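Have a look at the structure below before the remarks.
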Amino acid sequence: MRWIMLGPPGSGKGTQAKKLAAAFGADHLSTGDMLRSEVASGTELGCSARTYMDRGDLVPDELILKMIAGRLESMSNGDGFILDGFPRTEAQAVALDKMLDTMKRSIDRVVLVKVGDEEIKSRLAGRARQEGRADDTEEVINRRLDVYRKQTAPLIAYYSGKGRLSEVVGERPIDVVYGDLKKLAES
Ligand code: ADP
């Protein structure tokens, strides 16, 4: 399993990536989780990233690529990996292709988790109440959606052009979405 999970913020791709990784023994790499842990430990990278994250902007490609490179290389070859929240820009996708080429690996599936804007907004507002994430305020949510449309959504065409894109409807219960993903993984 060498997958990329693509989808808007709040689409549930992180939840699904975690479940799949546990079930299939794959490594789960979430750039959002990695960044939050850098912020929490107060590293130099975390401090630089935080300003962007709090505004709902993307952290510059250069920082993300530096952060992910070592992790990709140190991953066991075994049962594969699920990339969650990366790549998020076309430049990141191109850089990922290069890194994987060097490692003689490739992506076998890109899964788009589709969820409409209204549902996203209500989910993120709910998460803000529960978890108090600094980037879940209304203004920042709108900014993140905008950034997704402009910078990340073009990756749908990028990967569908390479014939590796599959879609699942994310506006259904977690286990139902998971059932579809499991079938894809087993097919
Ligand atoms: P969500 O998918 O809910 O927006 P994530 O946890 O994936 O949340 O990411 C949170 C924030 O971390 C993003 O809004 C962005 O600022 C930053 N981030 C995560 N991954 C990347 C990436 N690949 N490139 C640039 N910024 C990123």
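Residue numbers start at 1 and run along the sequence shown. Bear in mind the structure is a predicted one, so any value in this text is a computation, not a measurement. As a basis for the values below, the full set of heavy atoms in this structure was taken, side chains included, without hydrogen atoms, waters or symmetry mates. Both ligands and their constituent atoms are indexed starting at 1 by order of listing.
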Decide whether an N or O pair under 3.5 Å exists between Phe86 and ligand 1.
no

For atom 1 (P) of ligand 1, tell me which residue out of Arg144, Met34, Met67 has the closest non-hydrogen atom.
Arg144

Ignoring hydrogens, just give me the one of Arg127, Arg143, Gln151, Arg36 whose non-hydrogen atom is nearest atom 6 (O) of ligand 1.
Arg36

Please evaluate residues Thr137 and Arg143 with respect to the criterion side-chain contact (heavy atoms from CB on, under 4.5 Å), reporting the C-alpha separation (whole Å), side-chain torsions for both, the decisive distance (0.1 Å), and the verdict.
CA-CA 10 Å; Thr137 63; Arg143 174 81 192 136; over 6 Å; no

With atoms numbered from 1 as shown, which atoms in ligand 1 lie under 4.0 angstrom from a non-hydrogen atom of Gln92?
22 (C), 23 (N), 24 (N), 25 (C)

So for ligand 1, is Pro9 a polar contact partner (N or O within less than 3.5 Å, distance only)?
no

For Trp3 and Leu184, work out which heavy atoms get closest and say how close.
CH2-CB, 4.0 Å

From Leu124, Val59, Thr152 - option closest to atom 26 (N) of ligand 1 by heavy atom:
Val59

Atom indices of ligand 1 within 4.0 angstrom of Thr31 heavy atoms, with elements:
19 (C), 20 (N), 21 (C), 23 (N)

Test your reading of the model: is there a side-chain donor-acceptor pair from Asp108 to the backbone of Arg2, 3.5 Å cut-off?
yes

For the residue pair His28 and Phe81, establish whether any side-chain heavy-atom pair is separated by less than 4.5 Å.
no

Report, in ascending order of atom number, the atoms of ligand 1 lying under 4.0 Å from any heavy atom of Ile64.
21 (C), 22 (C), 23 (N), 24 (N), 25 (C), 26 (N), 27 (C)

Could you tell me which non-hydrogen atom of Gly170 sits nearest to which non-hydrogen atom of Arg123, and how far apart they are?
O-NH2, 3.0 Å

Can an N or O of Asp33 be found at a distance shorter than 3.5 Å from an N or O of ligand 1?
no

Can you name the residues that form a side chain to side chain donor-acceptor pair (under 3.5 Å) with Ser122, not counting sequence neighbours?
none

Shortest heavy-atom approach to atom 19 (C) of ligand 1 - which of Arg50, Arg88, Met5, Lys13:
Arg88

Which ligand 1 atoms, with their elements, are less than 4.0 angstrom from a heavy-atom of Leu35?
12 (O), 17 (C), 18 (N), 19 (C), 27 (C)

Before signing off on this row, confirm whether Tyr52 and ligand 1 have an N or O atom pair separated by under 3.5 Å.
no

Mind checking whether Gly10 has a heavy atom under 4.0 Å from ligand 1?
yes

Partners meeting side-chain contact (heavy atoms from CB on, under 4.5 Å) with Thr152 (sequence neighbours left out)
Leu6, Arg88, Tyr148, Leu155

In terms of side-chain heavy atoms, does Thr89 have a donor or acceptor partner in Gln151 at a distance below 3.5 Å?
no

Could you tell me whether the side chain of Leu181 reaches within less than 4.5 Å of the side chain of Met5, counting heavy atoms only?
yes

Kindly identify the option in Asp57, Asp84, Val147, Ile120 whose heavy atom sits closest to atom 16 (O) of ligand 1.
Asp57

